Each structure stands twice: as C-alpha cells, then as structure tokens.
Amino acid sequence: MLKLATTLKTALRALRRNPMRSALTTLGIIIGIAAVISMVQIGEGSSVAIKKTIENMGANTLIVFPGQAVSAGVSFGGGSAVTLTSPDAAAVARDCPSVLAAAPQVNGRMQLVRGSQNWVPQFIAGTSPAYFTIRDWPIVEGRAFNNSDVLGVNQVCDVGQTVVKELFPSGKPLGKTILVQNVPLKVIGVLAKKGANMMGMDQDDILVLPWTTLKFRISAKALQNQNQSTAATSTTSTDQLYPETAQNLYPVPSASEQTDTPQPVSFPNINSILVAVPSTSQIPQAIAEITALLRQRHHLQPGQPDDFNIRNMAEISNALGSTSRMMTNLLTGVALISLLVGGVGIMNIMLVSVTERTREIGLRMAVGAKPRDILSQFILEAIVLCLFGGALGILTGQALSSAVQHLLHWPIELSMPAMIASVAVSAAVGLIFGYYPAWKASRLDPIDALRYE
Amino acid sequence: MNLITVENIMKTYHLGSSDVQVLKGVSMAIQTGEMVALMGASGSGKTTLMNILGCLDRPTSGRYILDGEEISRMSANQRASVRNTKIGFVFQNFNLLARTSALDNVLLPTTYAENTVSTKALYERAKALLDRVGLGDRMHHEPSQLSGGQQQRVAIARALVNNPRLVLADEPTGNLDSHTSEDVLQSFEKLNRQEGMTILLVTHDPTVASHAQRIIHIRDGLIEAGAFQEPPAAASAGTISESAQTTRKKR
Ligand SMILES: Nc1ncnc2c1ncn2[C@@H]1O[C@H](COP(=O)(O)OP(=O)(O)OP(=O)(O)O)[C@@H](O)[C@H]1O
Ligand SMILES: [Mg+2]
C-alpha cells in the first residue's frame, strides 16, 4: 500500500514535469468520456421522458380508429372510412368486461377567439366525461363537463393551461366565453398541467368539450361556413384581381337564416374511441373483446377484414423507447470509439516518454528498481493520466448535457452508473494502452539505458 | 574481511559473428573500509568491471562474491535488490532527475527499498546526508540550479541514502574542473575515514587516484597490479578497516 502510494507520487511528479503535454495527451480521453457521458445522459433523459409520458397519457390506454375505406379495390388508408359511432363507444364501455371506461373522440382544429386574443390550439377534443378518467387528467379549477352537458349539447368547455395562457392573460378563465367558429363556449373548468407528450407536442394546448357540441353546433356550422366562404370573404386578393370569379350562383343567406336552418348531420360519426384498461396485462383480453363486439355491431362476416384499428399506446411508447435506446447505444458506441482513439494517443505519448526517459529508467534500475517497479510506474502514469482525463471528461460531459438541456430543452437525466463506468473505462484504457510502453520500459537493460544519449 | 572477492572473471561481448573479450580473467579483492582506485587506459575494461561489481551486469564466467553473497548466480530481481541495499552509485554525468529537487533526488533509492523506516525518518536522513556533503541550504534546488560539483555531491548523498556497504564511482570527477574535483574527492575521503565506507573509484587521473589507499591497475582486461592488499599495507589498512567497522557498529 505504501509502495503504491510512493509509485503514485512518482507518477504524478513525472506527469507534472510536463503539464502541457500531459494535458494534450489526455485530451482524447477527455473528449471520449465527455461524449459518452453526455450521450448517456441525453439518452437516459429521453427514455425517462418517454416513461413519464406513457404514465401521464395513461399507460393502459387503447385507441380504436375507424378502418380504411375500400372503394373498387382502392384503399384509402386507415381512418378514411366513417365506421365508428358514439353508440359504439357506449357499447364498448358497457359490454366489454376488461374495459374500465371508453370515450368517443371527435377532433377539430379551429381558431379560438376571446376578445382581441385568438389562438389555434393543437388539440380540440369533443368527447364524453369518461375522457378525464381515461387520460387520468384532473381539473384544477371549476368542474369537468358531465353527461347532461353531452346530452344537452351544452356550449361549455374545459381548457388546458396553454390555452388559458394564450387567451386569458389575466389568468381567470372560469365563466368567461370563448368563440369557436362564432359559437360561444363557456369555460367551466381548467385542466391540470401535463407537459409535452412523447412526440414533443404540448398536451396542455387543448380544449375539451362535449362531443355533441363540437359535432352538432361547431362542425356543422363550419360546414355551412365552408359553403359560403366565398361570399363571406369578398375582399380576398383574388377577388380583386379577378372580380368575375366572385360571382355567386346562389343567393347568399343572411346570418339569421343560417342559424335558423342548421345542417342536418345524420350519423353521429366519431374520429376514435379512447379506451382505458385496468392493467397492462389485460390489454390483449380487452383488444379481443372490443374486436368481437365491434365486428358484431358492424355486421362483419367471418373472413371480412375489420373496419377499425385498435392501437395500443403502450406498444407505441415501447417502440419509441426502443428507438431512442437504439440511438443512444449507437451514439455511445461512436463515443467509445473516440475513447479508443484517445487511448491510442496515450500509448503514443507514453512510448515517446519512455524513449525520452531512458536514462531515468536506467538510473532507477541502477538504484534498485526491479523491472516490475518500472512497469507499474509507467502503467500508473498512464492510468493517472486517463483518470484525470476521465474526471475532466465527466465535468465536460456534464456541462455539455446541461447546455443541451438549457439551449435545446432536451430532457437530461443524471446517470451515476455512467460516471462510475467512465472512471472504470478510463482506468482500463490507461491500463491497456499504457501496458505496452511500460513493458518496453521495464525490459530495458540498465547499462544500455544509463548510456543512452 | 573481504567485502569484494572476484575470482577469474571473464566478460565476452558478442558482436555479430565476432567475440570481443573485454575481461580476460580478473581476480581481485577489496576489504571493508578500503578506498581503492581503479586505473587503466581507455578501453581497458574499467567500466565493464565496474558494471559487474555493481551488479548491473553478469560475468560470462568466474565468481563474484559481495558481502558473502555469490552474485554471479543471482537473478535480475535479486541483483536489483542487492544494488538497492548494498551498493551506492556515483556516475560521471551525475544522472540526477531533472526538475526534481535535490532532496527528492536523494530519496530516489528509498522508493525501491523495503523500508521499515517511516517516510519522515527517510526525509530526515536525506536532509542529514545533504548537510554532510555541504548542501543543507540547497535541498530544494533542482539540478539545473546547482553547479556540477554540487550536483555530484547530491549524487553522493543519493548513493548513501540506503546505507550501502559499497560506493562505486565511475569517473566521478570526469566532468568537473580540478577545483570542484577536489571538493568531491574530499567528500569521498571524509566518507571513507569517518564512516569507514568502502569506496571504489574509477579514474584516468593520477591525482584523483592518489586520494585512494590502493590503486588497481588494469590493462587490456587483465589486472596488472594492486589486485590484493599487500602485506605491509594490510596491517595499516586492516586497522583502518577495523576501526571503520567499529564506527559503523556504533552508528
Ligand atoms: N556492450 C558492448 N558491446 C561490445 N563491446 C563493448 C561493450 N561495452 C564495452 N565494450 C568494449 O569493451 C572494451 C572496454 O570497454 P569499457 O567501457 O569497459 O572501457 P573503459 O576502460 O571504461 O574505457 P573508458 O576509460 O574510455 O571509459 C572496449 O573496447 C569496448 O569497445
Ligand atoms: Mg568507462
């Protein structure tokens, strides 16, 4: 132990005699370790973020989408058919024993107007009160809309934090009115903050309202508006350039005429059904039950393909997680290669150092150093150099990942195992790449070494 | 008592196909407490003999016994520990570690010793040795800040730090002017007289050799004269060596 301490002291002194060279030599290790540390921390950060997202999206969630429409052998892709209805959603909730809750979902992307503020949120979800249970999303202020709001096609809504921020700078949205396509909606509740989802989209940028309201009051109206968009916007530039095109074939109905004659919407089609399952293990069972139920409800013959898709959120998250893991491993591999290059640099300089210090080695041998003393001294020098580089590399990597966190807003997770591994790896690099030069030094003949010029 | 006994040592270097016989059967003895000079022309084999005596090299044949131990049969590791514990080297070109203080240079051999003494005791000993060679005030100077003579005196202190039985000096004054040579030689003489240290000096210079009690002449790999202590000198040298041994024991 004492021997190791003195050898260590000798090694440190030798390195201190040429600080600039020692620093440059270890640069490869610094860069390599820094790269490994930052890669692992960024990778770890994203997988933790994914895990968190899965949790706050509801890990045990299924989404049922309408199937693809096929017309004369031409497939229009998933979601192109309108096969899901709100009674389907109700039936899933009622008749499938492995289903905890199910909510219909109607999506929209429209402008919200509040006084002089306006905002187009990422998500407008027309749904049922079960939505809040399935997504495990508490209301922090006011209340969630209830079933009577759905049945009554009430003009109420719950808003996410981002929408509050954009439309209500005062921060008091309760009881206020938002205009959606000129339909007034009263804000009755504010959702808790959820953060970004695994695609990086802001989940708080959302407006949740009874699906009936969205379907029958807002979307229906939007349809009408579309018909009359040419009439309503008579001041577009094309109209000015080509006045003839602005000619209307049909008389323009007045605003009061429009509200008095709502467009009939015959099918309560919905975009998807959101389903909650009590536990991950019950997901396959739930999928089977839903499939059977919907096939029966849609009168599909055996052999006919499903006219709906069931997407498993856990599966998507796992896929995303494994992609991110693969990227992390890949980048860590590249970083490890740079560590290898650093190791070769160490070996190179150690070889030079052995040649330069031949006389010193001869002297040490003359005063009683055994070959293994010389060997351990030079190996220790390489290891100390690498450990020093490793320590600096950890600091640099830490700084790098913090910079990434602050500048790019990527999630970062401090990784203790990575740091311990880095220290071990740099020591190993020192040992492996320092061994050959040290061995060469230990094999010198003291007489020749002492005479070396 | 003989500290060094050399019996018919031969050393042959193999250079490609030709053999160069450098030592052609050297026999000699040195007693404890003697100060001996080894003289000879350039190329006569002085350094080769010194390397064998210093356990840095092995003879091709013959026996070498140092302090009762047969060296010629030892392994490299065993010879390393003999060098460490029993021999102190002083080189012509000082061979101090650059950018290392005089004190740390003196402590170098202790790094490889199985020390039972504490680091602090070693430190004290190194300081005392530097004091003795007159460099107590230069302990923290690096070789580049010391004169040649001072550097060689640091080297002498280094040779002594492990309490060796023998100091070997190959042309210790070869790189010094006559004045500093005198300083260094006086250090050796003092060491021999006061501590009873056995010293073997290699030199070309008769003035240097005159500091020794005995001169061994070597020519073409053979000892010409002075291989053994002569009977009349033996009496006086014997008392010196005895008194040296007693002083040694007292220490
Ligand atoms: N490693 C070697 N290989 C071959 N020949 C050698 C080797 N070392 C020494 N010699 C030869 O041995 C002879 C004696 O060399 P040595 O160094 O012992 O001489 P020396 O007496 O110390 O001379 P100097 O006074 O010049 O130092 C020389 O002829 C030299 O060429
Ligand atoms: Mg010589």
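Labels below follow one simple rule: chain letters A, B, ... track the order of the sequence lines, proteins then strands, and each chain is numbered from 1. Keep in mind the model is a prediction, meaning the values are calculated, not measured.
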A.B. asks: Measure across A80(B) and A369(A) and return the closest heavy-atom pair with its distance rounded to 0.1 Å.
C.D. replies: CB-O, 4.0 Å
A.B. asks: If you apply the rule side chain to side chain contact (heavy atoms under 4.5 Å, CB included), what do you find for R372(A) with N77(B), and how did you get there?
C.D. replies: CA-CA 9 Å; R372(A) 65 155 193 273; N77(B) 278 345; 4.3 Å; yes
A.B. asks: Could you have a look at V367(A), D373(A), D445(A) and say which one has the most heavy-atom pairs with chain B under 4.5 angstrom?
C.D. replies: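 Maximum pair count with chain B is reached by V367(A).
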A.B. asks: What part of R158(B) gets within 4.5 angstrom of chain A, counting heavy atoms only: side chain, backbone, both, or neither?
C.D. replies: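 The side chain, not the backbone.
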A.B. asks: Using 0.5 Å steps for rounding, measure from the CG atom of L56(B) to the CD1 atom of I447(A).
C.D. replies: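 One finds 5.5 Å between CG of L56(B) and CD1 of I447(A).
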A.B. asks: Hey, could you give me the CZ/OG distance between R13(A) and S101(B), rounded to the nearest 0.5 Å?
C.D. replies: 7.0 Å
A.B. asks: Check whether more than 12 heavy atoms from other residues, nucleotides or ligands sit under 6.0 Å from atom CZ of R21(A), and answer yes or no.
C.D. replies: yes
A.B. asks: May I ask you to list the residues in residues 415-437 of chain A that approach chain B closer than 4.5 angstrom, counting heavy atoms only, ordered by number?
C.D. replies: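 Counting heavy atoms that sit under 4.5 Å from chain B, no residue of residues 415-437 of chain A is involved.
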A.B. asks: Carefully, step by step, assess L97(B) and R364(A) under the rule side chain to side chain contact (heavy atoms under 4.5 Å, CB included).
C.D. replies: CA-CA 10 Å; L97(B) 291 183; R364(A) 287 178 183 278; 3.5 Å; yes
A.B. asks: Under 4.5 Å, counting heavy-atom pairs only, tell me which of A98(B), A76(B), G88(B) racks up the most with chain A.
C.D. replies: A98(B)
A.B. asks: I'd like to know if the side chain of R17(A) reaches the main chain of R99(B), judged simply by a donor and an acceptor atom lying under 3.5 Å from each other, with no hydrogens or angles considered.
C.D. replies: no
A.B. asks: Output the distance between atom CZ (R79(B)) and atom CE (M365(A)), rounded to the nearest 0.5 Å.
C.D. replies: 11.0 Å
A.B. asks: For each of D104(B), T47(B), L96(B), V82(B), tally heavy-atom pairs with chain A at distances under 4.5 Å, and name the one with the top tally.
C.D. replies: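 Going by pairs under 4.5 Å, I would pick D104(B).
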A.B. asks: For a side chain to side chain contact (heavy atoms under 4.5 Å, CB included) check, start with the C-alpha distance between R359(A) and N93(B), then their side-chain angles and the critical distance, and finish with the verdict.
C.D. replies: CA-CA 11 Å; R359(A) 282 262 292 258; N93(B) 47 17; 3.4 Å; yes
A.B. asks: Donor-acceptor pairs under 3.5 angstrom involving side-chain atoms of residues 391-399 of chain A: please list them, not counting sequence neighbours.
C.D. replies:
{"unit_1": "T396(A)", "atom_1": "OG1", "unit_2": "L392(A)", "atom_2": "O", "d": "2.6"}
{"unit_1": "Q398(A)", "atom_1": "OE1", "unit_2": "Q41(A)", "atom_2": "NE2", "d": "3.3"}
{"unit_1": "Q398(A)", "atom_1": "NE2", "unit_2": "Q41(A)", "atom_2": "OE1", "d": "3.4"}

A.B. asks: Is chain A contacted by the side chain of D57(B), its backbone, both, or neither, given a heavy-atom distance below 4.5 Å?
C.D. replies: both
A.B. asks: Could you check F91(B) against L363(A) for side chain to side chain contact (heavy atoms under 4.5 Å, CB included), going step by step and ending with a plain yes or no?
C.D. replies: CA-CA 10 Å; F91(B) 302 92; L363(A) 172 70; 3.7 Å; yes
